[in-house]
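Below: the structure, in structure tokens.
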Amino acid sequence: MNKRDKHRIAIIVAGIDQKYQSSILSGIQSVASECFLDFYVFASFSGTMDNEGHDIGELNIFDLPDFNDFDGAVLLTNTIDYQYVVDDIFKRVKESGIPAVAIDNNVEGLYYIGIDNRSAMREITEHFINVHGFTKFNYISGPADNPESAARLEAFLDVLDEHGIDIEENRIYYGDFRAPSGKAAIEYFRENTDYMPQAIICANDVMAAAAVNRLFEAGFKVPSEIAVSGFDNTFNNHNFRIELTSVERPLTLSGQLACKMLYNHFNDIEQERSRILNMSTRFTESCGCCDSVIHDVSEYKELNISNYSHIENITNYMTLFNQLACELHGCSNFEDFVRSLKKFVSYMNPEEFYFCLCDNWDKEFIDQKGLVVKTETVNINYTETMIVPIAYCRGNFYEIESIHKKDLLPDIPEKNGDDKFYYILPLHFGERCLGYMAIHNCRVSLHNAMFQSWCITVNNALENIRKLISLDFAVKTLGRLYAQDTFSGIYNRNGFVQATTDIFNMCADEGRNIMLMFIDLDGLKVINDTFGHDVGDNAIRSVADVLCRSCTEGEIFCRFGGDEFIVFAADYTESDAENLTRKIDDNIAAVNVEAKNSFMLSASTGFVIAVPKKGEDLFRFVTAADKKMYEMKRKKKLSKHLRS
């Protein structure tokens with residue numbers, strides 16, 4: 001197999017800041033090249049903010065991939081807290097017909113890589129009972145509907161039952177596999193049980209570490225007063241006050257095997273549908289088995305060097321992050337936002353970075369009259385066309401107007417040929433879907449909570465810009481509504497005054513002529529009585545259209561009220577005013593020739609030309625023009641506007 005035969009693989013995962021997920025992803029990336037696979041990691045940080053609206057926005061990213069456009073998939077759906085999302089992913093993958101590997105979630109019809117959760121949890125629980133003699137337990141579980149979590153809890157309860165040990169329901173706390181759950185569990189046990197247990201068994205290391213820390217804060221000694229165990233061996237024990245008894249599992253190997261399974265499938269190499277990996281229990285300090293697993297001073301030195309490098313990276317990251325936050329939140333328009341984000345993309349120095357926005361990300365819902373329509377819903381879907389304000393590849397920014405959603409990323413020749421491992425993350429604010437960004441080979445690690453904060457900062461800043469755009473739009477809309485006659489679409493009296501005041505005053509100051517024409521629709525009452533008010537409304541709009549076609553030399557006109565209109569112009573002569581009158585008459589005649597109306601359109605006009613005095617009121621000339629118009633109207637017969 002050569003480079004041109006590489007397959008595109010979608011990865012579905014939540015919480016890439018957690019050790020479990022990052023270890024598996026690292027395993028996948030380590031063998032992706034030799035298996036001739038390119039990966040697109042659709043990742044969310046759902047479930048971390050205790051905010052359902054935020055989670056909906058994060059979970060949108062899993063709707064983005066069309067699995068028909070991929071050759072295979074790796075599914076870490078056990079990291080997603082919402083079962084309906086998991087069910088939908090499995091449904092779409094199966095409908096696509098592509099091979100998929102599910103890690104730690106045994107799904108019929110898919111390849112499976114997992115561990116024997118029951119055996120591992122049985123071994124830990126039996127160790128606590130048989131070796132340490134514990135009989136009073138509490139348990140910190142993961143989500144009740146998570147398959148791994150459920151299997152571990154069931155094995156724990158089975159061992160207790162086999163040894164005749166009872167446990168009350170309030171001694172089992174259901175968390176979410178994250179650190180805050182471990183702390184919350186200790187608070188729950190202290191408030192809702194009449195005594196603390198001899199041992200607390202946890203469904204993973206992250207919750208166990210947080211629980212140990214909270215126990216120490218509350219004055220309990222671990223393990224002499226309360227023993228604790230974890231599971232997964234994902235917590236860096238040497239950096240904590242006590243090393244955790246846990247189950248060591250080959251997470252990196254799980255990722256590597258997922259690649260090998262897909263490689264075998266593509267090359268018709270026979271293999272088993274499922275692989276159950278071996279684990280080893282690790283009994284250390286937190287259950288009282290030994291003081292430490294480090295016996296060589298050189299190991300501590302290596303650990304200190306590693307920790308120093310880690311802290312230095314965090315400090316540099318936080319400095320960059322704070323600069324980004326300050327600069328983005330200081331942006332007052334979208335152009336500034338893009339410039340600022342481009343600068344920080346350059347600092348992060350990824351091999352590729354794409355910022356893709358829904359083509360309606362900054363749009364409001366507008367009705368035919370130009371009014372903002374209030375709606376209780378927001379856009380929660382990606383649009384078929386995505387605009388791309390930032391496209392960065394190998395040190396260069398490219399001008400990309402838009403792409404189709406199915407393409408996911410712009411087609412830039414410079415990016416082709418190399419191994420690809422894209423992280424694709426949602427852009428959103430609450431439930432509102434704004435777009436997504438894609439990152440490939442970034443020098444800054446994405447597998448940490450700070451990157452989540454980075455994403456939140458970008459999302460919040462983008463939403464601030466969207467709100468500024470919406471506010472500007474609203475101000476302009478209100479200004480237009482204040483100045484526009486929404487019925488006819490031309491200026492209303494307010495707009496007319498705004499548009500003419502400065503010119504009128506200038507003419508008064510400089511002794512220049514102004515022209516004021518008054519126009520009245522003939523026979524509106526007869527039209528309304530004969531054909532109805534809807535037809536009468538059309539007659540009013542027809543006069544407005546005639547004025548739009550006639551006033552082409554800078555004249556300002558408006559609907560003065562009812563069936564009355566006025567036109568203003570500077571530096572007009574009698575001849576100019578007579579020409580405008582003829583143009584209006586000719587355009588009215590053209591409307592009648594078209595015969596689209598059930599009536600004959602007719603209007604009477606009158607105008608005055610004068611040099612205004614300083615401080616004089618414009619509407620004095622409106623009154624004078626109105627009198628001229630009535631002189632003309634008396635010469636007409638009202639019956640002429642009706643069709644025979």
Side-chain angles (χ1 to χ4, degrees), residues 78 83 104 115-233 235 242 244-247 249 279-289:
N78 60 318
Q83 189 59 42
D104 291 330
I115 62 171
D116 187 349
N117 284 282
R118 292 175 178 275
S119 296
M121 183 56 75
R122 287 185 65 90
E123 188 172 347
I124 283 185
T125 309
E126 288 174 345
H127 174 85
F128 274 45
I129 295 172
N130 297 329
V131 175
H132 296 288
F134 297 139
T135 59
K136 298 176 182 178
F137 289 89
N138 284 10
Y139 188 88
I140 303 177
S141 173
D145 57 358
N146 180 282
E148 285 193 290
S149 174
R152 294 172 193 178
L153 175 58
E154 188 172 344
F156 165 75
L157 294 174
D158 286 346
V159 173
L160 262 57
D161 185 61
E162 292 165 9
H163 287 80
I165 300 174
D166 295 327
I167 184 169
E168 297 89 353
E169 289 186 7
N170 62 354
R171 294 191 175 274
I172 299 174
Y173 181 87
Y174 291 93
D176 60 4
F177 285 135
R178 295 181 173 89
S181 292
K183 178 180 179 180
I186 300 304
E187 296 304 315
Y188 174 83
F189 293 147
R190 294 180 67 196
E191 294 176 4
N192 294 280
T193 59
D194 51 0
Y195 63 87
M196 290 298 282
Q198 296 170 306
I200 299 175
I201 293 181
C202 305
N204 78 343
D205 280 11
V206 174
M207 294 189 297
V212 168
N213 197 43
R214 184 68 192 101
L215 286 170
F216 273 107
E217 291 174 355
F220 295 96
K221 297 178 181 178
V222 179
S224 59
E225 293 181 336
I226 301 176
V228 177
S229 78
F231 202 100
D232 280 346
N233 197 35
F235 190 81
I242 192 169
L244 288 175
T245 289
S246 187
V247 175
R249 58 181 300 187
M279 297 178 300
S280 58
T281 48
R282 185 174 175 277
F283 300 113
T284 63
E285 195 175 1
S286 70
C287 72
C289 282

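As the structure is a computational prediction, the values presented were derived from the model and not from experiment. Numbering starts at 1 and runs along the sequence shown.
Atom CD1 in I201 sits 9.5 Å away from atom CZ in F134 (nearest 0.5 Å). Atom OG1 of T284 is separated from atom CG of N233 by 8.5 Å, given to the nearest 0.5 angstrom. To the nearest 0.5 Å, the span separating CD on Q198 from CG on N138 amounts to 10.5 Å. Here the straight-line distance linking atom OG of S181 with atom CG of N204 works out to 8.5 Å at 0.5 Å rounding. Here the straight-line distance linking atom CE of M121 with atom CG of L157 works out to 10.0 Å at 0.5 Å rounding.
No cation-pi contact links K221 to F216, judged by a cut-off of 6.0 Å to the six-membered ring centre and 45° from its axis.
Classification of D194 and R171 as a salt-bridged pair holds, one side-chain N sitting under 4.0 Å from a carboxylate O. A salt bridge is absent between R122 and D116; no separation between the charged side-chain nitrogens and carboxylate oxygens falls under 4.0 Å. Using a cut-off of 4.0 Å between Lys/Arg side-chain N and Asp/Glu carboxylate O, E148 and R152 are scored as salt-bridged.
Checking L160, D158, V159 one by one against F156, the side-chain contact (heavy atoms from CB on, under 4.5 Å) holds for a single residue, L160.
Between the side chain of H132 and the backbone N or O of C287, at least one donor-acceptor pair lies under 3.5 Å. Side chain of T245 to main chain of F283: no donor-acceptor pair is present (N/O by atom type, distance under 3.5 Å, no hydrogens or angles).
The shortest side-chain heavy-atom distance between M207 and F231 does not fall under the 4.5 Å cut-off.
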**Request:** In sequence, state the C-alpha distance, the side-chain angles, and the governing distance for I200 and Y139, and then conclude on side-chain contact (heavy atoms from CB on, under 4.5 Å).
**Result:** CA-CA 5 Å; I200 299 175; Y139 188 88; over 6 Å; no
**Request:** Quick one: do Y188 and N170 satisfy side-chain contact (heavy atoms from CB on, under 4.5 Å)? Show the steps, please.
**Result:** CA-CA 9 Å; Y188 174 83; N170 62 354; 3.8 Å; yes
**Request:** Kindly indicate, with the supporting measurements, whether the criterion side-chain contact (heavy atoms from CB on, under 4.5 Å) is fulfilled by K136 and Y195.
**Result:** CA-CA 10 Å; K136 298 176 182 178; Y195 63 87; 3.8 Å; yes
**Request:** Evaluate side-chain contact (heavy atoms from CB on, under 4.5 Å) for S141 paired with S149, printing each intermediate quantity in order.
**Result:** CA-CA 6 Å; S141 173; S149 174; 3.0 Å; yes
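Side-chain contact, S246 with D205: a donor N or O sits under 3.5 Å from an acceptor N or O.
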